[in-house]
Amino acid sequence: MMTINQYVRPKTLQEAYELAQKKRNVVLGGMLWLKMQNMSVDTAIDLCGLSLDKIEENDEEYRIGAMVSLRTLEKHEGLNKMTGGALAEALKHIVGVQFRNTATVGGSLYGRFGFSDVLTVMMAMNAKVELFHAGVMELEEFAGMPRRTRDILVQVIVPKTADRLVYLSQRNTSTDFPVLACAVGFDSRGAYAVVGARPAKARRYRADMRAFGPEDITVETAKIFAGKIVSQVYFDSNLRASSGYRRKVCEVLIRRALLQMKGADVSDGGQCGEV
Ligand SMILES: Cc1cc2nc3c(=O)[nH]c(=O)nc-3n(C[C@H](O)[C@H](O)[C@H](O)COP(=O)(O)OP(=O)(O)OC[C@H]3O[C@@H](n4cnc5c(N)ncnc54)[C@H](O)[C@@H]3O)c2cc1C
């Protein structure tokens, strides 16, 4: 159980940051993860009075406030158009609508959970995070930072790039944590895959395949790309799946994602007649 001694709504980010420096004080997002912890909190710092619940955009980027709910992201027309629906696909399996109405993007990314669909898809979207103290950095860099850092995640910045994305995940049962999550995309450097729920934190991988663009996707190249990616990924085992199973699933999902991007029929699970 979580017990809270004092609840405050800071009026400025500076105030929130200063309060967050004390070890027994805790920043609140939607509190969905926090409330599952056994902890005694001195001051709970609620960011809900800081106008961080908005999504703004300009010609270059989207700026998503830390308190924006996962459901708002899932339903956002512009972000979903840009990602070809990959963002909604990543979020729609997380527990249920009521849950996603409360869970925040700030809490989801600050937690840097090893099972995170949110971290996986936003890394594939080349997102940056803005921290009150540390400033703006790539989400990839932030994901590698130690969890003990006490900062305030202010917003997530998503560039309006033309990357094409497909997101796929595998779950043992619907709404459970993913056994494996992956997003495949193309940018100016070629194809990349972000693999999450390994079950470690999401990471981006590239294959050494010269001039491999979306127009080059075939059953054969998709298989080669998937093989080259999984050979670099470190998979682990936990109660949901073994590392070997994750490796197999990852290979199939990456292959399937590429074929889906090409618009190929993946009704046979992207196996295309092969195991
Ligand atoms: C039962 C359950 C199932 C889940 N299944 C999935 C799943 O399948 N896929 C998936 O991707 N996720 C899943 N999640 C995680 C979920 O989507 C949220 O990421 C998680 O609940 C955290 O969001 P929150 O807003 O509730 O954050 P909170 O629980 O409030 O906070 C999480 C952490 O982030 C810190 N924090 C929050 N906001 C900020 C901020 N702005 N700045 C600095 N620190 C901050 C808090 O202090 C805390 O350490 C699941 C969670 C639960 C409880």
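In listed order, ligands and their atoms are each counted from 1. For clarity, every value in this text was computed on a predicted model and none was experimentally measured.
The Asp151 neighbourhood of ligand 1 comprises atoms 43 (C), with distances under 4.0 Å to a heavy atom of that residue. Under a 4.0 Å criterion applied to the non-hydrogen atoms of Leu47, ligand 1 contributes the atoms 40 (C), 41 (N). Using a 4.0 Å cut-off to heavy atoms of Pro178, the atoms of ligand 1 that qualify are 8 (O). Each of the atoms 16 (C), 17 (O), 21 (O), 50 (C), 51 (C), 52 (C), 53 (C) of ligand 1 lies under 4.0 Å from some heavy atom of Phe99. Those atoms of ligand 1 with a heavy atom of Asp176 less than 4.0 angstrom away are 8 (O). Annotation for ligand 1: atoms under 4.0 Å from non-hydrogen atoms of Phe113 are 19 (O). Taking every heavy atom of Val26 and a limit of under 4.0 angstrom, the matching atoms of ligand 1 come to 47 (O). Below 4.0 Å from some heavy atom of Ala103 lie the following atoms of ligand 1, by number and element: 25 (O).
Using a 4.0 Å heavy-atom cutoff, Thr120 is absent from the residues neighbouring ligand 1. Residue contacts with ligand 1: Thr175 is excluded, as none of its non-hydrogen atoms falls under 4.0 Å. Residue contacts with ligand 1: Leu52 is excluded, as none of its non-hydrogen atoms falls under 4.0 Å.
Residues Tyr7 and Asp46 bring a donor and an acceptor atom of their side chains to less than 3.5 Å of each other.
Of all protein heavy atoms, the one lying nearest to atom 42 (N) of ligand 1 is Leu153 N, 2.8 Å. Phe115 CE1, 3.6 Å is the protein heavy atom nearest to atom 14 (N) of ligand 1. Considering only non-hydrogen protein atoms, atom 27 (O) of ligand 1 sits nearest to Gly107 CA, 3.4 Å. Of the protein's heavy atoms, Gly30 N, 3.4 Å lies nearest to atom 24 (P) of ligand 1. Protein heavy atom closest to atom 20 (C) of ligand 1, with residue, atom name and distance, is Trp33 CB, 3.8 Å. With respect to atom 3 (C) of ligand 1, the closest heavy atom belonging to the protein is Val95 CG2, 3.4 Å. In terms of protein heavy-atom proximity, atom 39 (C) of ligand 1 is nearest to Val27 CG1, 3.7 Å. Remark: minimum distance from atom 9 (N) of ligand 1 to any protein heavy atom is reached at Asp117 OD2, 2.7 Å.
Only side-chain heavy atoms of Arg171 come within less than 4.0 Å of ligand 1; its backbone N, CA, C and O stay farther off. Heavy atoms of Ala66 found under 4.0 angstrom from ligand 1 belong exclusively to the side chain.
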Checking Asp117 against Arg171 for the salt bridge (charged side-chain N to carboxylate O under 4.0 Å, His left out) test, could you report, in this order, the C-alpha distance in whole Å, the side-chain angles of both residues, the deciding distance, and whether it holds?
CA-CA 11 Å; Asp117 293 285; Arg171 284 166 158 80; 2.6 Å; yes
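Relative to atom 26 (O) of ligand 1, the option among Leu91, Leu32, Leu131, Val105 with the closest non-hydrogen atom is Leu32.
In terms of polar-atom proximity, Tyr110 is not counted as a contact of ligand 1, lacking any N or O under 3.5 Å from an N or O of the ligand. In terms of N/O distances under 3.5 Å, ligand 1 is not approached by His93. Residue contacts with ligand 1: Met31 is placed with a nitrogen or oxygen under 3.5 Å of a nitrogen or oxygen of the ligand (distance criterion only). An N or O contact shorter than 3.5 Å is missing between Leu70 and ligand 1 by distance. The N/O atoms of Leu34, backbone and side chain alike, include one that comes under 3.5 Å of an N/O atom in ligand 1.
Between Trp33 and Phe115, the distance from one ring center to the other falls under 6.0 angstrom. Ring centroids of Tyr110 and Phe142 are separated by less than 6.0 Å, placing the two rings close together.
Contact check on Glu61 versus Lys128 returns no salt bridge, with no Lys/Arg side-chain nitrogen under 4.0 Å from an Asp/Glu carboxylate oxygen. A salt bridge does not link Lys262 with Asp216: none of the charged nitrogens is closer than 4.0 Å to a carboxylate oxygen. Ionic pairing of Arg100 and Glu74 is present here: one or more N-O contacts between side-chain nitrogen and carboxylate oxygen are shorter than 4.0 angstrom. A salt bridge links Arg204 with Glu140: at least one charged nitrogen is closer than 4.0 Å to a carboxylate oxygen. Using a 4.0 Å cut-off between charged nitrogen and carboxylate oxygen, Asp176 and Arg240 count as a salt-bridge pair. Note on Lys223 versus Glu220: no salt bridge recorded, every NZ/NE/NH1/NH2 to OD/OE distance being 4.0 Å or above.
Residues Val230 and Arg247 approach most closely at O-NH1, 3.0 Å, considering heavy atoms.
In the displayed structure, Glu215 atom CD is contacted under 6.0 Å by more than 12 heavy atoms of other residues, nucleotides or ligands.
When atom types are taken as modelled, the side chain of Arg246 and the backbone of Ala197 share a donor-acceptor pair closer than 3.5 angstrom. Without hydrogens or angle criteria, Asn25 side chain to Ala44 main chain gives no donor-acceptor distance under 3.5 Å. Of the possible polar contacts, none joining the Thr72 side chain to the Val68 backbone as a donor-acceptor pair under 3.5 Å is found.
With Tyr62 as the aromatic partner, Lys160 meets the cation-pi criteria of under 6.0 angstrom to the ring centre and within 45 degrees of the ring axis.
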